[in-house]
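For reference, the structure discussed in these notes is given below.
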Amino acid sequence: MNNANERLVIGLIIEDIFTDFAKETIQSAMNSIPQNKDIRLVVLSGRHDDTTDPDCNEHRYKTIYNTIYDIGRFYRFDGLIIALGNTEMSLRNLSDMDSWIKSANIPAVYVAAPKDRAPSVNYDNEMGIREAIDFLVHVNGYTNICMLGGRDDNADAMERRDAFIRSLEENHIHFNESLYEPSDMSVCSQDAARHLLFRNPDVQAIFCVNDAVAEGLYDVMKSRGLTPGRDVLVFGFDNTRAAGELSPTLASIGSSGGKLGQIAVDMLLDIIAGKEVESVVVPTRLYGKESLNYEIFEFTTIEMMRGNEQFINRMFDECFYRYHKEDINREDVNLKRLFYEIISRMLRASKMRYISIEDFTEVQKMVEIFFRNGAMEYTDATKFINSIGRLQGSLNSANKSPAANVMLNRLFLRMREMAIRAISIQSIREHRLMDNGREQMLEFLIEMSDHRVRDEKAQSLAVTKFDHLGYKNASLFLFDTPVICDDIDRIELPDTINLRCITRNGELYILPEERQICPMSRIFDRDELNFPGRGTLIYPIFYSIYLYGFMVNELIAQDMDRGEYITGQLAKVFYCTSNEAPR
């Protein structure tokens, strides 16, 4: 244990925190931490680097950024979750880490890792792909199916390609290379999508190796007047939040047996407790949306009218698919149980062909509580409206009582209104956060633009304005002198660093000099960093070849996209006001 109070500190080592895969792995790991245990999750997120050219600026940038992984050599985590992926460059980072993980005897679980890394948790890449291809062939009668794939150095991408080819051939469709186009697996996959569509003008369906690649395909299809789901069926992999935010919403293959981050935490806690664990392969399935209308959840009128708990829970799991196995705080509303109460009462009223004013009012209140407590965070608007529409249509067909139908239809209308309001409020909140963040950053840059204030005085001024960066709970660690990273193959971090200031609930606290010094081996143990949440996120602060320190802040979902930009701006201020900068 790291602390006297027996807190467990778990490190999550991952790449590219701005990707949906990284965000959802982190979030599912956070959600699975037991409420009754003092456990903190520390995220070390570097950058995936696919080149070794020392003269490439991008390679130099990512190499310096990835010094964040070196903190693991100083700090003794109680356990590690390593989600660096299957690419060649990631494996190089993985090999470097293996030595200090083994020498320190740190329990570790690997996520989306090579199969020889144990214990690990990986997707079953075959199941969902086979399900999708079988549906396209046997239900739609499609034979012209293509794949927008990934990189040759990514094992998951190659497994998905192989599964795609096997699924075609098992359905007596001959595969040839013209049906496949590799991509860099990012949203910048437009060129690959153009090549694939050019070679296959009559394509009927396209499988994208992940949801990010589908975004690039959507852009190209839009420019050609093609609509996913109408002109060409499209489905991705990972079933990330982005799949539900695309327009039209993207059908995607995802987990049907728990989330990778959640399972990894459970496995790691078992290892720490001295239990034996085995690697886990998570089953997958196709989640239908507008780009490919596929519903695994079907029901008969008799089954619906019985309204047993298993039936209603199946309905909830299909509609609110991101809620699957979320960790429920005792203080939180259990949305799945509340949904059961709402639907079971509506089904009972339909069966009895009567609902009293008292029951109607009570169900309406439950509907409002359901949506006020974040139900729409676990689905997308189209998915919810379609699912509720199917249920409403079935109830109206089964129940011939006009009075009961009127009241039940009012409840369905209220559900739609609350769903739309919840989405609008969330959108407004996100825009306000973005606007406030921009304004605060502008104020900070204006304050730091005084060319007469340089070097240590400039750093001290930045410390006094640290709260202008917009973080509610964060801390600023700076080295005595910047680490010079001119030789990127030999970057060595000092043994100590200085905790200059923190923000707590938005309030700035500047530490006196005698309390600033901190061994790197205790960087996550400072009492000042006892933030309200259970997660911590760290970013490097560097510009050019100068690494100034690190920012450690509370792990909050909306901060994941902006942290690299903010620390980059802070480092640029340090550089421009330093004696090293050109006058």
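Because the structure is a prediction, the values reported are computed rather than measured. Index from 1, following the sequence.
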Compute whether any side-chain donor of one residue and acceptor of the other, for N122 and S120, lie under 3.5 angstrom apart. yes
Which atoms form the tightest heavy-atom contact between A264 and V111, and what is the distance? CB-CG2, 3.6 Å
Decide yes or no for L260 and S28: does some side-chain heavy atom of the first lie under 4.5 Å from some side-chain heavy atom of the second? no
Between S521 and R76, a side-chain donor and acceptor under 3.5 Å: no
T63 side, atom OG1; D489 side, atom CG - distance, nearest 0.5 Å: 7.5 Å
Heavy atoms of F479 and P494 approach each other most closely as CE2-CD, 3.6 Å
Derivation and outcome, ring pair (Phe, Tyr, Trp, His ring centres under 6.0 Å), residues Y543 and Y548: CA-CA 8 Å; Y543 186 81; Y548 296 96; 8.4 Å; no
Flag side-chain contact, heavy atom, 4.5 Å: I13 against L80: yes
For a quick check under 3.5 Å, do D211 and S252 share a side-chain donor-acceptor pair by atom type? yes
F542: which of F550, Y61, F574 passes ring-ring contact (aromatic ring centres under 6.0 Å, His included): Y61
Apply the side-chain contact (heavy atoms from CB on, under 4.5 Å) test between S32 and each candidate in K259, Q262, Q27; give the one that qualifies. Q262
List the atom of F77, the atom of I10, and the distance in Å for their closest heavy-atom pair. CD2-C, 4.0 Å
Is it the case that R60 places NZ or CZ above or below the six-membered ring of Y65, under 6.0 angstrom from the centre and within 45 degrees of the axis? no
Any side-chain donor-acceptor pair under 3.5 Å between N498 and D480? yes
Which atom pairs, donor and acceptor, lie under 3.5 Å between side-chain atoms of residues 505-512 and protein residues at least two apart or in another chain?
none

What I want to find out is whether D16 reaches R47 closely enough, with some N-O distance under 4.0 Å, to be called a salt bridge. yes
Distance only, no hydrogens: is a donor on one side chain within 3.5 Å (strictly under) of an acceptor on the other, for Y75 and D525? yes
With heavy-atom distances below 4.5 Å as the criterion, would you say the side chains of M520 and L493 are in contact? yes
List the steps and the verdict of salt bridge (Lys or Arg N to Asp or Glu O under 4.0 Å) for E528 and R515. CA-CA 11 Å; E528 294 89 349; R515 288 179 51 198; 2.7 Å; yes
ring-ring contact (aromatic ring centres under 6.0 Å, His included) partner of F384, chosen from F371, Y378, F370, F339: F371
Of all residues at least two apart in sequence or in a different chain, which pass the side chain to side chain contact (heavy atoms under 4.5 Å, CB included) check with T496? I517
Using the salt bridge (Lys or Arg N to Asp or Glu O under 4.0 Å) rule, take D78 and R7 through it: C-alpha gap first, then chi angles, then the decisive distance, then the call. CA-CA 9 Å; D78 294 301; R7 164 181 288 173; over 6 Å; no
Report the C-alpha distance between I14 and L84 in whole Å, list the side-chain angles of each, state the deciding distance to 0.1 Å, and finish with yes or no for side chain to side chain contact (heavy atoms under 4.5 Å, CB included). CA-CA 5 Å; I14 203 163; L84 286 179; 5.7 Å; no
Neighbour count above 12 (heavy atom, 6.0 Å) for R372 CZ: yes
Please report the C-alpha distance between I556 and Y471 in whole Å, then the side-chain angles of each, then the deciding distance to 0.1 Å, and finally whether the side chain to side chain contact (heavy atoms under 4.5 Å, CB included) criterion is met. CA-CA 10 Å; I556 299 176; Y471 285 101; over 6 Å; no
Distance (rounded to the nearest 0.5 Å) between E215 CD and L250 CG: 8.5 Å
Between K62 and D49, does any NZ, NE, NH1 or NH2 come within less than 4.0 Å of an OD or OE carboxylate oxygen? no
